[in-house]
Novice: 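Before we start, here is the structure in question, set down as structure tokens.
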Amino acid sequence: MPQKNLAATLIQMAEKNFSGIGIEKPRFEARILLAHVLGIKPLDLISDPNRNCSRKQMHQFESLVNQRARRVPISHLLGRREFWSLNFHITRDVLDPRPDSETIVAEALKRFPIKRDPLSVLDIGVGSGCLLLSVLHERPQARGLGTDVSQAAIDISGLNASRLGLADRAEFECTSWIRGIKTKFDLILCNPPYIARSEIELLEMEVRAYEPRLALDGGWDGLAAYRELMPKLYKILNRKGIVIFEIGLGQALDVISLAAEYGLRTLAQSRDLSGHIRCLVLGLENNEDK
Ligand code: GLN
């Protein structure tokens, strides 16, 4: 009979539980959760599987495993998610940063390639701050503003800015989209809610039950946010500025034509690692950049 308080035994039990209910990487997740409880790296559990755990740690682990079995996202249990190799504090008040959204950061850096150039950035619907703060991290002379209609999200992005040492270059404002914004920006980033309302119930449980609707629900066809923002962007965009929008599957043509109606030209369409068009780069008609 293996000892109950051994890390290896605990991981095995959690793995069995997770695989029985279809969690995709049962062993990997079990190890991450136990490492979190023990305050060590998951790799340390591979090199030393026979670590003893205290009673308190066993209980903590059990509680996390039970929550994960109810499909609470792992980022909520750990309180963090890595994005662009930075650590972001995450709760159920903000969208869990997706690796696909790193496409937006990569595109932004490509468009503003000189590290020490000054740059003004606006992130509309800033959530955790992952887009804005990743760009500020890479461009040390850049300054940015993040807006969000959720005060809880503003608190989290502010906290992330401080933790990442970027608070002196980032401001946050609780407002709907761009209401009240009077200045112009070189770079506008936005990952709006773009899931068609009727499709939300088809998303995986981790998303539909635990992530903020506000960050997902794009109205009946998923395009509500683009319709709201396109007519207003020219007012807050510098002449040579660009807007980078994340979009959902199959939305490129619709969003490109919406942009065109309001004098915004599509300068590029970028694909994510799965080959889907993930973001559109827009500029004012007189922006001659290719
Ligand atoms: N990319 C998210 C998803 O597929 C949706 C985020 C959004 O609507 N901006 O669940």
Side-chain angles (χ1 to χ4, degrees), residues 22-25 71-77 80-84 88 90-108 121-135 146-150 152-154 156-157 160 176-178 187-230 233 243-256 258-259 269-282:
I23 284 179
E24 248 175 51
K25 297 180 190 158
R71 300 285 172 166
V72 177
I74 201 127
S75 59
H76 294 187
L77 299 177
R80 62 164 193 274
R81 166 74 71 190
E82 192 181 303
F83 180 88
W84 202 259
F88 288 87
I90 299 299
T91 70
R92 58 187 304 162
D93 288 314
V94 294
L95 192 75
D96 197 352
R98 281 40 171 178
D100 287 337
S101 302
E102 292 183 342
T103 315
I104 300 184
V105 177
E107 191 62 42
V121 191
L122 171 67
D123 185 342
I124 306 172
V126 68
S128 64
C130 65
L131 297 178
L132 175 65
L133 297 172
S134 300
V135 171
T147 66
D148 208 293
V149 73
S150 151
I154 291 295
I156 291 172
S157 46
N160 280 325
S176 170
W177 304 120
I178 51 173
L187 171 63
I188 299 178
L189 308 171
C190 183
N191 175 12
Y194 54 65
I195 309 288
R197 194 165 293 158
S198 59
E199 283 170 19
I200 292 183
E201 291 316 314
L202 310 176
L203 298 174
E204 57 187 14
M205 172 96 151
E206 280 84 343
V207 180
R208 76 179 130 88
Y210 296 102
E211 294 212 65
R213 286 285 150 130
L214 212 53
L216 298 170
D217 186 345
W220 67 274
D221 63 352
L223 301 174
Y226 306 104
R227 266 191 214 102
E228 164 84 26
L229 287 169
M230 285 311 175
L233 289 173
V243 181
I244 308 181
F245 267 118
E246 177 161 331
I247 56 169
L249 267 188
Q251 292 177 332
L253 288 180
D254 285 330
V255 179
I256 288 171
L258 252 175
Q269 308 177 32
S270 293
R271 290 175 193 270
D272 59 27
L273 293 174
S274 336
H276 301 302
I277 299 177
R278 179 58 55 184
C279 70
L280 299 180
V281 182
L282 312 175

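Order of listing sets the numbers, starting from 1, for every ligand and every atom in it.
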Novice: Which residue and atom name correspond to the protein heavy atom nearest atom 4 (O) of ligand 1, and how close is it?
Specialist: I195 CD1, 4.1 Å
Novice: Are any of the N/O atoms on P192, whether in the backbone or the side chain, positioned under 3.5 angstrom from an N/O atom of ligand 1?
Specialist: yes
Novice: So, does A215 sit close enough to ligand 1 that a heavy atom of it is under 4.0 Å from the ligand?
Specialist: yes
Novice: What protein heavy atom is closest to atom 3 (C) of ligand 1, reported as residue, atom name and distance in Å?
Specialist: R98 NH2, 3.5 Å
Novice: Do me a favour and list the nearest non-hydrogen protein atom to atom 1 (N) of ligand 1 with residue, atom name and distance?
Specialist: Y194 OH, 2.9 Å
Novice: Less than 4.0 angstrom from a charged side-chain N to a carboxylate O is my criterion; do R81 and E211 meet it?
Specialist: no
Novice: Using only atom types and a distance under 3.5 Å, with no angle test, would you say the side chain of D148 pairs donor to acceptor with the backbone of V126?
Specialist: yes
Novice: Is the backbone N or O of F88 less than 3.5 Å from a side-chain atom of N160, with the two atoms forming a donor-acceptor pair by type?
Specialist: no
Novice: Going by the atom numbers of ligand 1, which of them fall below 4.0 Å from some non-hydrogen atom of L95?
Specialist: 6 (C)
Novice: To the nearest 0.5 Å, tell me how far Q269 CD sits from L282 CG.
Specialist: 10.0 Å
Novice: Any idea which heavy atoms bring R208 and I200 closest together, and the distance?
Specialist: CB-O, 3.6 Å
